[in-house]
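Because the structure is a prediction, the values reported are computed rather than measured.
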Amino acid sequence: MIKHISLSIVNMVSLQVLVFLLSVSEVIGQSCPPSSGIYLRYDGNCYPNGSYFWDSSIRPTPIECGLPGATLNGGQWIGPNGTVPCDGGNNANVQCTTGSAANLSVFINPDNGFIGADGDGWYKCCLPTDCSDPNTNIIFANIFRFAEIESFIADLPSDMTVYPQEYKLNCTKTGFHQYAIDMSIGGITLTDYPGSFCNDDGNTCSGTELVSSNNTIRYTVNITWDGMNVSSGSISQSTTGDQMYQCRVADHPDSRETRIRNVTIKVPATAPSSLTEVNKTTTTITVSWTALDSSDADGYVVNITSDTDTVQTVQVEGSSNNTITLNGLRGGTTYNITVTAYQQLLGPASSTISVFTHCQEKGIYLGNNGNCYTNGSLFWDSRVNAVTEAISCVLPGTSLTTGQWVKVADPDDLVDCNRNNASDPIHCTNVTSPDATLNLYLAQRLVAAQAGLYKCCLPTDCSDPNTNIIFANIFRFAEIESFTNDLPSDMTVYPQEYKLTCTKIGHRSYGISMSIGNTALVNYTNCYDPKINCNGTELVSSTNTIRYTVNITWDGMTVSSESISQSTTGNQMYQCRVADYPNGNEIRIRNVAIKVPATAPSSLTEVNKTATTITASWTALDSSDADGYVVNVTSDTDTVQTVQVEGSSNNTITLNGLNTETTYNITVRAYQQLLGPASSTISVQTLSTVINSINWTLFSSITQLNNTQYRIDCLTTTDINPSTDVYWLVNGVMKSNSMYTSIDVLTYNNTLLVYPDPLEVSVNVTCIAMVGGVNYSQSVILHAPSGTPNNVRGFILSATSIKVNWTTSSETNGYLIEYTTGGVTRNVLSTSEDEIVLTDLSPMSIYTISVYSYIDLPSVNSTVTVLRFDVPSPVTSLSVSNVSTTGITVNWTIPSSDNYVTYYTISYTPSCPQLSSVNETVSGAPHQSTTTYSYTLIGLYSGMNYTITVRAGNLLGRSDPHSIDKDTISSSVPIGVPDYLTLIPANNNLTWNEVNCSERNGLITGYTVMISNSSITYNLTSIERYSILNDLVFGTEYNISVAAVNSVGRGPFSDPIEVEIGIVPGPVGSVSSIMDTTWAVISWSVPSYIPSDYPIITYEIGYHILFNKCCCSMVDDDDINIQRLQLSNSTNANTYINITGLDAMSCYIFGVSAYTTRGPGGWVFIANETLVSTQFVTLTLVITQEVESTNTVSGTVDGFIIAGLGAVVGLLLISLVVSIIIHIYCFIKLKTYDTTTAKQAKFDDDIPMQACELYGIHKTEDVTREAVFECPDVNVSDTAIYEET
């Protein structure tokens, strides 16, 4: 739209305004709220930049110019007559009003009339600032009076290959309803509207109404361009180069405003030059031309025709592209090619070149006048007497070196190419490349000595034994192009008919004849081809090629053609003779010999006969005298049979289907291309019928296999005694006739039962009847298959059915299927198909399936397959190979052949618990010939251990699994890092979590701990997931990172943690206990190390009871459970505490830890027991006293009191003994434990910062409180743990 608008602006505004309009069009061209950018809106509709507005339409309704999101700051409307005043006044009756935000509207006050002539034209709106601001936003509107051309455009074709080109011119008028309009090219008007003007009220000019409110009407002219002329209807205008069209609109009747728009269509003024063939094959031609300048062409169109038909029209884009290969052509065809340049339309066409495609892709060939010719073709001198009619000898794909044309009769008579002698009628030109070519033509008529056979040699001369050679026969006057015969293919049709065809080429006046021996079959004289007066058939008019045909009938003795007859024996010699007329300058003769046996076969003799057959033989001819024989059988005068016997040595035939007691006359003829003479006739009478028929029926079901019985019925006359005159031969073994019945007074039915032959051969049964010393017989054959079915296979279909199929290599009528399980035959079925479905089977069984074939008899043997009707057995020999970083090939031996396997499941489970197992199913071909199977697992994790499990499966389920473990190869260092680094301050024990197993890339063999601060960096190694950090300086901050190590190397370090050494107190010292029955006083000494800046604020004491220990000396570190500790704090940082509410005679664990504001120190534990309660004694006494108080006799009471006191003393003594024993045991236990502790302490001397053995870690938010140390029931001094600084 902007392009067309800009054309109209040229005559109305300065070039500077036009350039600005084009520059802003992309930004503001189509914008309208709610989108951003300046816009025009009229009557509620949005309009693009450069729209037209009729002054009559904006009298009541203004044109709104807006800029969303902006604030008006001096915006303007400027027209042809200057600035349009806003909110008061007008310019050429156009006035402006301001709206909210950045919005200016222009309109014409109806009270002021219409726009003035000086106000007609382009207006620009500038927002939010005035038009002098280079950063303002601008949009254009055309306000016109009377009529205006809204647009004038050409709707051009996009497809340059369609020719001639058709397009449309559209001129759209808007405004006043009465006007004149026309479109023209040059001074020629293309429109012819009725009347002197157009009136939109009645649409008198048949335009297309687009908008009725402002009389917007579109007028269209259809243009046809043929490259030279522009035509529309009956109007035609010749033009060259760019086409200049004009649309003119004038309001009527006053023509106050005349509007003109021009459209220029770019058309090349000249055609591409120098169109040339570059290369060619049988199906392609490559051409090039001189390209035009880019200002004169956008591309090219290449047109290819053959005769008058357009074959291809191809568009080539780009002015500099001047070469094209045309594909899909026919070999040996002349194509006419032109090229046309195009811009918006096609220009004139170039000169036409003709290109003849190669006749063949490889090898030497001849061409002439757009036709291909074979070796030895004839060329009339009158048709090769110009350079444009030359005989082209071509060798595709080679370059010419020293090729030659040579006359065969005179090898020294060379044709001198490119140095033609005016006195020599034979001239030659050559083409060196891309295809070696020699073009031979005549500069004048040939003399007799120069006519004849010429040979062309390429690419070298004829003396080169490796050159390529082809022959051409150049003749003068007339010549015989061919002389052929069209012989019969069916030798049994008699008499024989065929054709002789002689084709003449050359001079149009001649005589022609065809003859056998001296007898002319046709003889035409004074033939004149323009009149076709000799009944020939014209084949090629340009060379006077005429075909003549003679129809021949041959009865074995005489050749006849119409009324002419000629007796002949042996080969038939025909001649065609052509002589030019009237002078007979050249007489041409061609001969054709047809091979015919000269003699008949001898000694035709009857060999055998029956009631319906006769066997005859004869003496065969030599292979040079016969290709075969034809036996003719007649009865009376009717031909009964004519039988062809191929091969000269085949001299015996049995004639079947004859009638009984009938006399037949038999002759035999030899044949080659035609039949020879007949032999002497013999007469043979067939025998009478004693045996009427013989046939067989199935006497029992064929599913009985070898026990199947067949009934043979032989019907004989009652002229014989069936018990004595009839017997049987079964495969040559004589059988007596013991079963016969009388069917009627004329017929006996003689019956024999037979079984299949155990040798699996066909059974030949002959019924023989003797009458008057003559044996009459008829036979029937029960055919047995020559073999058993192949490739018998079973396929499980469901839980109760199996499909069995097979193939066969011999003729058969059907199959028998026997299947057994557990040694018991379940059934025998029959089918004519090569498969069967066995149903109602029992799963978890093994079936033996035997398949027999049969024709008439079943095969004795069968092909057997065994099928486990069950889930498969497990695979065996599971192994792996080709182990890589991400793949493993799994190999296994498939289950035995009786297993039915349709698929395998391969599951592989990584050792990493965070990774899931993967299951894959691969199809397995049942009954495959191989015994092993391989499958490659891909996409595995590097350095990962996998458990690989393989199961065989079928429709009934899967086998038991077979598994194997294998690691993939580590390809790289670990990619993951240890996490949750934790330093336990009590003993500087650094711990961490192991690397995620999916990121290890193999087995982790150790860890590297990197410790650094501002003054030092060093690494430690550890094979465990912890490291005791020795020799660190108290009060110093360190950055600590850990990296995992595998067989390849070290992975990345973890994010560092920042720690400060020695910021918590050391363990308390000298923990001791004073035990009572229900309370204990725990005391301790101050830790040997207390951070100088962090004093002790309290001590935490924890304890818990042990229920499963006989004494505290048996306590080990497994008995200490921080989670069970009942916790208390000492007041005022006292170094003792009284714990009450304990159970008597119980073992307790007590622990003490010092606290600073930075956290707790390590725990120190002791174990001890509460004392025995005295309540037991008191209770005993009370009970005793209570019991004694029930007696009334004082003496008795005293006695009992004395006895009770004695009992109490005894119990106390027993308790004392038990207590002593227990303490001795605990003392021994304590000593043993002390010894062990001492040894451990000595072992740990090289770790000065560790006082008590690490017990365990219970993860809580306060990492410092997670450390648990076991110190048995002795005080442990930890002064050696921390160094004073």
Side-chain angles (χ1 to χ4, degrees), residues 1-13 15 18 22 50 52 142 144 147-160 162-175 179-194 196-198 205-210 216-252 255 257-270 295-299 301 340-348:
M1 175 65 82
I2 298 303
K3 178 180 179 182
H4 304 143
I5 292 170
S6 67
L7 292 173
S8 63
I9 294 175
V10 171
N11 298 323
M12 304 175 190
V13 297
L15 180 61
L18 172 62
L22 293 176
Y52 286 80
N142 189 301
F144 64 91
E148 179 61 274
I149 299 173
E150 186 179 72
S151 66
F152 183 35
I153 60 175
D155 184 9
L156 299 173
S158 59
D159 187 354
M160 290 295 170
V162 178
Y163 195 75
Q165 295 179 287
E166 296 180 352
Y167 57 96
K168 298 177 185 293
L169 295 175
N170 292 310
C171 187
T172 301
K173 186 277 314 179
T174 185
Y179 53 92
I181 184 170
D182 67 77
M183 284 177 273
S184 60
I185 180 171
I188 305 299
T189 299
L190 302 175
T191 54
D192 184 17
Y193 298 118
S196 59
F197 65 93
C198 300
C205 293
S206 301
T208 301
E209 185 178 74
L210 302 182
T216 301
I217 309 294
R218 182 178 64 221
Y219 291 91
T220 300
V221 174
N222 294 315
I223 305 292
T224 299
W225 165 244
D226 64 4
M228 297 178 65
N229 297 295
V230 169
S231 58
S232 177
S234 61
I235 301 170
S236 180
Q237 171 68 28
S238 175
T239 183
T240 301
D242 294 346
Q243 298 177 10
M244 306 289 293
Y245 292 95
Q246 184 180 89
C247 178
R248 179 182 180 277
V249 172
D251 60 279
H252 184 81
S255 295
E257 295 291 347
T258 299
R259 315 290 187 177
I260 294 175
R261 290 279 191 95
N262 296 314
V263 167
T264 300
I265 301 175
K266 297 183 70 177
V267 184
T270 60
S295 62
D296 299 324
D298 296 333
V301 171
T340 304
Y342 71 83
Q343 289 174 297
Q344 290 177 286
L345 293 175
L346 288 167

Chemist: First locate atom CE of Met160, then atom CG of Leu345, and finally report the distance between them rounded to the nearest 0.5 Å.
Modeler: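 If we round to the nearest 0.5 Å, Met160:CE and Leu345:CG are 6.0 Å apart.
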Chemist: Please report the closest heavy-atom contact between Met228 and Asp226, naming both atoms and the distance.
Modeler: N-OD1, 2.9 Å
Chemist: Are side-chain N/O atoms of Thr264 and Asp242 paired as donor and acceptor at under 3.5 Å?
Modeler: no
Chemist: Without swapping roles, check the side chain of Asp155 against the backbone of Lys168 for a donor-acceptor pair under 3.5 Å.
Modeler: no
Chemist: Side chains of Thr216 and Thr174: is there a donor and an acceptor less than 3.5 Å apart?
Modeler: yes
Chemist: Quick one: closest heavy-atom pair of Asn222 and Ser232, and the distance?
Modeler: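 Closest pair (atom of Asn222, atom of Ser232, distance): O-OG, 2.9 Å.
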Chemist: List the atom of Val162, the atom of Gln165, and the distance in Å for their closest heavy-atom pair.
Modeler: O-CG, 3.5 Å
Chemist: For residues 220-240, which residue pairs pass the ring-ring contact (aromatic ring centres under 6.0 Å, His included) check, not counting sequence neighbours?
Modeler: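 For residues 220-240: none.
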Chemist: Just by modelled atom types, is the Ile149 backbone N or O under 3.5 Å from a matching donor or acceptor in the Arg261 side chain?
Modeler: yes
Chemist: Are any side-chain N or O atoms of Gln344 and backbone N or O atoms of Lys266, one a donor and one an acceptor, separated by less than 3.5 Å?
Modeler: yes
Chemist: For the pair Thr191 (side chain) and Met183 (backbone), establish whether a donor and an acceptor sit closer than 3.5 Å, ignoring hydrogens and angles.
Modeler: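 Side chain of Thr191 to backbone of Met183, a donor-acceptor pair under 3.5 Å: yes, one is there.
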Chemist: Hey, does the side chain of Gln237 reach the backbone of Ser231 with a donor-acceptor pair shorter than 3.5 angstrom?
Modeler: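 Pair absent, no side-chain N/O of Gln237 close to backbone of Ser231.
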Chemist: Give a yes-or-no answer on whether the side chains of Asp298 and Gln343 include a donor-acceptor pair shorter than 3.5 Å.
Modeler: no
Chemist: May I ask you to decide if Ala250's main-chain N or O and Arg259's side chain share a donor-acceptor pair within less than 3.5 Å?
Modeler: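 No; judged by distance alone, with no hydrogens or angles, the pair does not exist.
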Chemist: Taking the ring of Tyr245 and the ring of Phe152, is the distance between their centroids below 6.0 Å?
Modeler: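 No: the rings miss the under 6.0 Å criterion.
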